[in-house]
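Only this structure's heavy atoms are used, side chains among them; waters, hydrogens and symmetry mates stay out. Model, not experiment: these values are computed from the prediction.
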Amino acid sequence: MRACAAVVALLWLAACAQESRPRWVLLAEGHVPARTLPPAAAAGDGPRIVRDDEGTWLTLDLAREDWIYKEGLGAWGAAVPAFGLGKSDGRAPQRLTAGERRFVWLPPAELDRPGGPPPGSFLHTSGGLFLRLEADETPPERATLGLRTERGATTDGRFRVFGARYSYDGLSVWPGETWRRELAGSDSARVLHFATVSEPAWSGAASAPLVFAVRIDGVERLRHEVEDPSRPHFAWQALELGPGAHVLEFAVEGALAYTGFASPVVGPREHAPASERRPDVLVFLADTFRADNLELDVADGALTPRLRALAANGRVFTSARSPSTYTFPSHASMFTGLYPRRAGAISTAHALPDPLPTVAEAFRAAGYRTGAVTDSAMVSRKFGLDQGFEVFDEELVDLDSTLARARAYLAASDGRPSLLFVQTYRVHAPFHASPAARAAAGAGSLDHDTLERRRLEAHERDPGGADERAAARELERLYRAGVRDFDTALAPLLDELAAADFFAHGLFVLTSDHGEAFLEHDEMYHTGTVHEEQLRVPLVFVGRGVAPGREHAPVSLVDLAPTLTALAGVVGPQAWRGRSLVAPRTSGSPTLAFQVWGPLADSTLAIIDGPHKLIASEDPHATDPILRAYRLDLDPDETHDLRTEPWASALLNRTRARLEQEATPLHELEKAHLDEASARQLDALGYGGREE
């Protein structure tokens with residue numbers, strides 16, 4: 001299969017080189033936002049935009065009567081809503097001034113420090129604004145709170161707009177502004193594609209009118225009113241353009257908000273059908289989805305009947321493993337073709353460095369429209385994972401919302417081939433499931449929190465004892481029930497793709513970023529030791545050029561990026577560590593996986609070479625680095641430790657030089673700067689409390 005697929009990929013490359021491609025005009029290229037502040041920026045008594053030597057700020061004035069003394073906190077509080085947008089780059093994201101006096105900004109967590117924040121400091125949480133003064137002081141007569149903000153930045157020649165939920169290549173046009181572009185002539189009709197985007201300037205913003213307008217040659221062709229400007233808005237639009245040259249004007253009217261036009265592209269009205277161009281690619285990642293979900297049977301048959309049927313028509317890699325046991329480093333590896341530490345994804349305190357080339361950047365450079373729809377938290381711009389995605393939409397609501405946003409992206413095609421990455425936490429803890437799915441999976445009626453409390457109480461009495469294991473089994477059944485619901489919910493999208501012949505001309509990939517543990521090796525959930533229940537993930541390719549079948553050799557998600565580029569005829573960077581799974585197999589190196597959670601001495605790595613698996617300390621200076629060893633062909637559940645076998649130390653010794661290289665980041669580490677809302681979201685998913 002590998003040799004045949006490689007030939008197909010080469011044929012696609014030749015076809016792409018010969019086809020006469022119509023020209024798409026990307027309006028984000030060369031876009032420069034207005035340098036003057038729009039009228040709406042200073043309107044009314046609410047927040048406004050100011051610019052000074054320190055940058056651009058969203059500001060709000062406070063009078064002395066706005067403050068109330070909070071006896072329990074020993075600080076003054078003001079009912080100031082959480083601001084909705086801000087890009088933290090390591091500098092203080094907020095400032096509070098009163099005339100010449102400047103108070104010291106502290107992160108929200110400092111509110112709970114022993115003794116409280118020091119005098120002369122302030123912090124801003126979801127509960128309001130808090131100011132600590134000396135015992136004999138009262139708040140100033142007038143103070144101004146500022147949130148550092150910026151429109152965006154030019155990246156790879158395109159202007160990129162930064163948002164709290166949306167980040168995108170596009171036009172930054174705020175209320176009261178108009179951006180004008182002269183479009184060169186053409187002999188044929190064209191279409192202007194874009195999306196109107198707005199986010200409220202601050203939480204609880206008034207529902208004042210907000211209107212997007214587009215004029216072509218002085219004639220208004222679009223007037224789009226946002227029904228509720230206090231909520232984020234995103235809507236795809238398309239306008240016909242006749243032959244010849246045109247003058248395009250993009251404008252926004254209304255009260256202060258963060259507004260813009262995403263992915264503005266002028267393309268041909270007539271373009272090659274999907275079957276004659278590079279394949280559309282849809283990667284669907286079900287976070288925390290164990291590989292054995294595709295293999296299990298329940299009371300009425302398969303646990304995942306729809307996904308199992310999909311896999312029967314595709315190429316299934318039965319021994320695929322994640323490069324890590326939790327979300328951020330796994331995604332970093334998928335997007336960069338590098339193992340986590342090499343990519344700089346060494347903890348939840350770090351972000352993907354800008355210089356690293358990503359798979360989305362490779363597709364975008366090859367002429368693809370690139371989009372991502374995610375459930376946020378770790379799969380976020382704050383962790384640098386938006387790099388290369390022309391439109392990056394992150395919001396955690398529910399699976400229906402995620403699927404609706406994905407459908408909208410696919411339906412808004414502008415004629416270019418598309419790469420769409422979709423990520424959902426639907427099967428992630430806290431688990432939830434419908435009554436029908438509970439019945440199918442044998443789960444009871446208790447919810448996740450009740451079962452987890454029961455497990456923790458049992459753990460206190462007897463760690464790993466019968467009662468704790470019984471509670472863990474109940475949690476696993478609830479998890480499997482949620483997987484059943486996910487399978488049911490995804491079925492309509494798969495049917496729609498089949499009806500549109502997507503699987504004939506495009507490529508669909510199903511995978512996950514890690515598994516989930518239920519005390520198989522005395523650990524719950526994930527981020528733990530690199531055992532199979534946390535590492536094994538589904539990896540299924542269905543579509544053009546992919547022959548159905550099953551492959552059992554060990555592979556890694558670090559191979560995903562080079563495989564996608566090979567199948568699409570896209571050139572990827574030489575630095576990628578992974579290999580294309582459709583290229584002829586050579587005698588390769590062992591597959592690696594890294595826990596990358598906490599200090600090196602507490603973190604583990606796996607070396608998998610055929611049936612042999614070694615679990616070792618990530619600490620290169622460990623006295624006894626080998627922790628466990630298994631023969632997976634004889635012991636797939638990892639119950640018989642073979643660390644004293646000669647092959648174990650031999651495998652570690654011949655991999656040492658490679659491990660040392662993989663532990664060295666290619667670029668300077670980059671910090672992730674999380675706001676309070678992001679930190680709460682991570683805590684809710686179980687990712688709080690540990691950093692390197």
Side-chain angles (χ1 to χ4, degrees), residues 4-27 186-195 236-243 263-284 310 313-315 359-360 362-373 389-391 403 405-422 492-509 541-548 563-571 582:
C4 292
V7 171
V8 171
L10 289 173
L11 291 175
W12 286 346
L13 279 168
C16 290
Q18 293 171 8
E19 68 179 271
S20 101
R21 297 184 190 167
R23 181 170 178 264
W24 277 264
V25 180
L26 310 179
L27 300 182
S186 172
D187 294 334
S188 57
R190 292 176 286 178
V191 180
L192 169 62
H193 303 266
F194 59 93
W236 290 102
Q237 316 283 353
L239 297 174
E240 292 273 348
L241 297 176
S263 190
V265 175
V266 176
R269 187 169 63 182
E270 305 296 333
H271 43 75
S275 59
E276 298 177 12
R277 67 185 186 214
R278 286 175 170 169
D280 292 326
V281 179
L282 172 53
V283 179
F284 202 107
L310 175 79
N313 293 316
R315 199 74 180 175
V359 65
F363 272 81
R364 188 176 65 175
Y368 271 73
R369 66 189 288 255
T370 56
V373 172
F389 289 108
E390 202 169 275
V391 174
L403 293 175
R405 290 145 57 202
R407 285 185 174 98
Y409 182 86
L410 293 171
S413 173
D414 56 24
R416 294 177 292 165
S418 295
L419 167 70
L420 175 62
F421 174 79
V422 183
L493 174 64
L494 297 177
D495 290 339
E496 293 162 16
L497 293 173
D501 282 336
F502 181 90
F503 300 112
H505 61 72
L507 177 66
F508 183 93
V509 181
F541 292 80
V542 186
R544 191 166 94 189
V546 178
T563 304
L564 293 178
T565 52
L567 285 169
V570 169
V571 178
V582 297

Legend entry - Leu27 vs Phe194 side-chain heavy atoms within contact, under 4.5 Å: no
Inset, instruction - Might you point out which heavy atoms bring Pro279 and Gly506 nearest each other, and give the distance in Å? - result: CB-CA, 4.1 Å
Inset, instruction - Quick one: list whatever passes side-chain contact (heavy atoms from CB on, under 4.5 Å) with Arg407, sequence neighbours left out. - result: Leu403, Pro492, Leu493, Glu496
Inset, instruction - Among Phe421, Phe363, Trp24, find the residue that satisfies the ring-ring contact (aromatic ring centres under 6.0 Å, His included) test when tested with Tyr368. - result: Phe363
Inset, instruction - Heavy atoms only: give me the nearest Ala238-Val191 pair and the separation to one decimal. - result: CB-CG1, 4.1 Å
Inset, instruction - Indicate the atoms forming the closest heavy-atom contact of Arg315 with Pro548, along with that distance. - result: NH1-O, 3.1 Å
Inset, instruction - For Gly367 and Pro417, work out which heavy atoms get closest and say how close. - result: O-CD, 4.1 Å
Legend entry - Derivation and outcome, side-chain contact (heavy atoms from CB on, under 4.5 Å), residues Val422 and Leu282: CA-CA 8 Å; Val422 183; Leu282 172 53; 3.8 Å; yes
Inset, instruction - Quick one: closest heavy-atom pair of Gly569 and Arg278, and the distance? - result: O-NH2, 3.1 Å
Legend entry - Heavy-atom side-chain proximity of Phe284 to Leu494 below 4.5 angstrom: no
Legend entry - Carboxylate-amine/guanidinium proximity below 4.0 Å for Glu240 and Arg269: yes
Legend entry - Residue pair His193 / Arg416, side-chain heavy-atom distance below 4.5 Å: no
